[in-house]
Amino acid sequence: MAKKNQTLGEFIIENQASFKYTSGELSRLINSIRLAAKVVNHEVNKAGLVDIIGAAGETNIQGEDQQKLDVYANDKFIQTLTNRNIVCGIASEEEDDFIVVNSQDENHQNKYVVLIDPLDGSSNIDVNVSVGTIFSIYRRVTPVGTPVKKEDFLQKGSEQVAAGYVVYGTSTMLVYTTGDGVNGFTLNPAIGTFYLSHPNMQFPLDGKIYSVNEGNYIHFPLGVKKYIKYCQEEEGDRPYTSRYIGSLVSDFHRNMIKGGIYMYPKSSKNEKGKLRLLYECNPMAFLAEQANGKASDGFARILDIQPTELHERVPFFCGSRNMVEKAEEFMREFSE
Ligand code: AHM
Ligand code: MG
């Protein structure tokens with residue numbers, strides 16, 4: 001039972017027993033993500049400041065080059081997850097291939113693999129706009145005690161045991177699910193603790209916000225063009241409002257709170273859209289469904305797609321259930 005003002009640490013311990021595999025391993029894993037998120041948050045918040053200090057010559061005295069933040073975030077998440085010896089494999093947007101974690105534990109008992117987008121929307125960093133980390137967790141399918149293989153990562157989204165994101169926004173939040181609803185925790189930066197601030201988050205069934213990069217309009221499939229026109233029509237509660245940050249985590253987070261749809265369709269430029277199935281769409285789709293929303297590729301459920309490649313892309317329609325269903329209706333009717 002979620003209690004307001006509970007810390008994330010307390011929440012994890014209290015809810016461990018309700019999770020179907022209760023070894024404590026998943027709890028330790030989420031704790032590691034919490035730790036890495038705090039470290040990355042600290043660095044993200046200094047973006048810009050480092051430039052100011054740099055201009056005064058201080059970074060040169062240290063002899064350190066400013067590391068790109070997405071590379072920094074990638075290193076921190078991988079380091080934290082491997083140092084604590086709790087996963088058997090990691091896949092990341094920043095790495096071409098998956099990483100086999102060599103457990104120091106002789107019996108090599110780790111059961112979970114993690115897929116991450118360490119800093120999504122990182123083109124927003126330079127302009128002080130919110131970015132996020134996305135994570136997805138599976139139980140391995142190959143035998144425990146052996147090095148992980150590709151098939152441990154290429155599982156359908158419906159097999160996820162946990163997923164979540166961190167949004168580095170006006171405040172920093174960690175939002176996650178273990179398949180029993182979605183809960184959001186806000187970081188109190190003064191003491192470095194996440195508190196449960198948004199228990200049992202739910203997408204409103206309907207919404208009035210549509211989020212899509214309309215700069216790509218002429219390249220979109222006809223169904224998407226027609227749906228966008230529908231959103232703009234003067235009728236009933238329409239026109240809807242257009243809001244697009246260009247940072248999936250932030251657009252999703254806002255839509256979950258206010259009601260809305262996020263779309264990254266395929267286009268004549270990108271046959272499969274832009275977003276990656278394994279560490280962007282699947283975790284967001286799992287969260288959406290757990291929050292009473294919906295996620296689709298325009299025709300079918302995201303979580304049912306059998307992945308074939310680590311970095312494969314997929315068209316993505318996600319958010320308030322009625323809105324996603326309406327977009328699917330247009331996609332079916334005007335499919336070319
Ligand atoms: P990234 O992983 O390279 O940051 O790309 C993913 C991001 C999403 O967060 C965002 O919704 C989308 O790309 C924006 O793309 P575009 O600039 O094409 O609208
Ligand atoms: Mg990304």
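Whatever order the structure lists them in is the order used to number ligands and atoms, beginning at 1. The basis for the numbers below is simple: all heavy atoms, side chains too, and nothing from hydrogens, waters or symmetry mates.
- Taking all heavy atoms of Gly246, Ser122, Gly215, Gly132 into account, the minimum distance to atom 10 (C) of ligand 1 is reached by Gly246.
- Residue contacts with ligand 1 for Glu93 involve side-chain atoms from C-beta outward but no N, CA, C or O (heavy atoms, distance under 4.0 Å).
- A salt bridge links Glu43 and Lys46; the closest N-O separation between the charged side-chain nitrogens and carboxylate oxygens is under 4.0 Å.
- Among all non-hydrogen protein atoms, the one lying nearest atom 4 (O) of ligand 1 is Gly121 N, 2.8 Å.
- Between the Asn188 side chain and the Thr193 main chain, no donor and acceptor come within less than 3.5 Å of each other.
- Every N/O-N/O distance between Asp251 and ligand 1 stays at or above 3.5 Å.
- Distances from the Mg ion (ligand 2) to the N/O/S atoms of Asp120 are shortest for OD1.
- Salt bridge status for Lys156 with Glu159: absent, with no side-chain N to carboxylate O gap under 4.0 Å.
- Note on ligand 1: Glu280 sits in its first shell, one or more heavy atoms being nearer than 4.0 Å.
- Some N or O of Tyr264 is nearer than 3.5 Å to an N or O of ligand 1, by distance alone.
- Of all protein heavy atoms, the one lying nearest to atom 1 (P) of ligand 1 is Asp120 OD1, 3.7 Å.
- Counting protein heavy atoms only, atom 11 (O) of ligand 1 is closest to Tyr262 OH, 2.6 Å.
- Within Glu280, the N, O or S atom at minimum distance from the Mg ion (ligand 2) carries the name OE2.
- Gln155 places a side-chain N or O within donor-acceptor distance of the main-chain N or O of Arg139, the cut-off being under 3.5 Å.
- Under the 6.0 Å cut-off for aromatic ring centres, Phe77 and Phe135 do not qualify, their centroids lying 6.0 Å or more apart.
- As for Glu93, its N/O/S atom nearest the Mg ion (ligand 2) is the one called OE1.
- Interface of Tyr244 with ligand 1, defined as ligand atoms under 4.0 Å from a residue heavy atom, comprises 11 (O), 12 (C), 14 (C), 15 (O), 16 (P), 19 (O).
- Using cut-offs of 30° and 60° for the angle between ring planes, the Phe334 and Phe330 rings count as parallel.
- Residue contacts with ligand 1 for Asn213 involve side-chain atoms from C-beta outward but no N, CA, C or O (heavy atoms, distance under 4.0 Å).
- Salt-bridge annotation for Glu333 and Lys226: absent, with no side-chain N of the basic residue lying under 4.0 Å from a carboxylate O of the acidic one.
- Regarding atom 15 (O) of ligand 1, its nearest protein heavy-atom neighbour is Lys274 NZ, 2.9 Å.
- Taking both residues in full, the closest heavy atoms of Ser122 and Asp70 are given as OG-OD2, 3.2 Å, listed atom of the first, atom of the second, then distance.
- Ring pair Tyr240/Tyr210: centre-to-centre distance not below 6.0 Å.
- Every N/O-N/O distance between Val249 and ligand 1 stays at or above 3.5 Å.
- The aromatic rings of Phe11 and Tyr176 stand perpendicular to each other, their planes meeting at an angle above 60°, with 30° marking the opposite boundary.
- Within Asp117, the N, O or S atom at minimum distance from the Mg ion (ligand 2) carries the name OD2.
- Counting only distance, with no hydrogens or angles, the side chain of Arg140 and the backbone of Pro143 share a donor-acceptor pair below 3.5 Å.
- The side chain of Asp117, and not its backbone, has at least one atom closer than 4.0 Å to an atom of ligand 1 (non-hydrogen atoms only; side chain from C-beta on).
- Between Leu248 and ligand 1, an N or O atom pair is found at a separation short of 3.5 Å.
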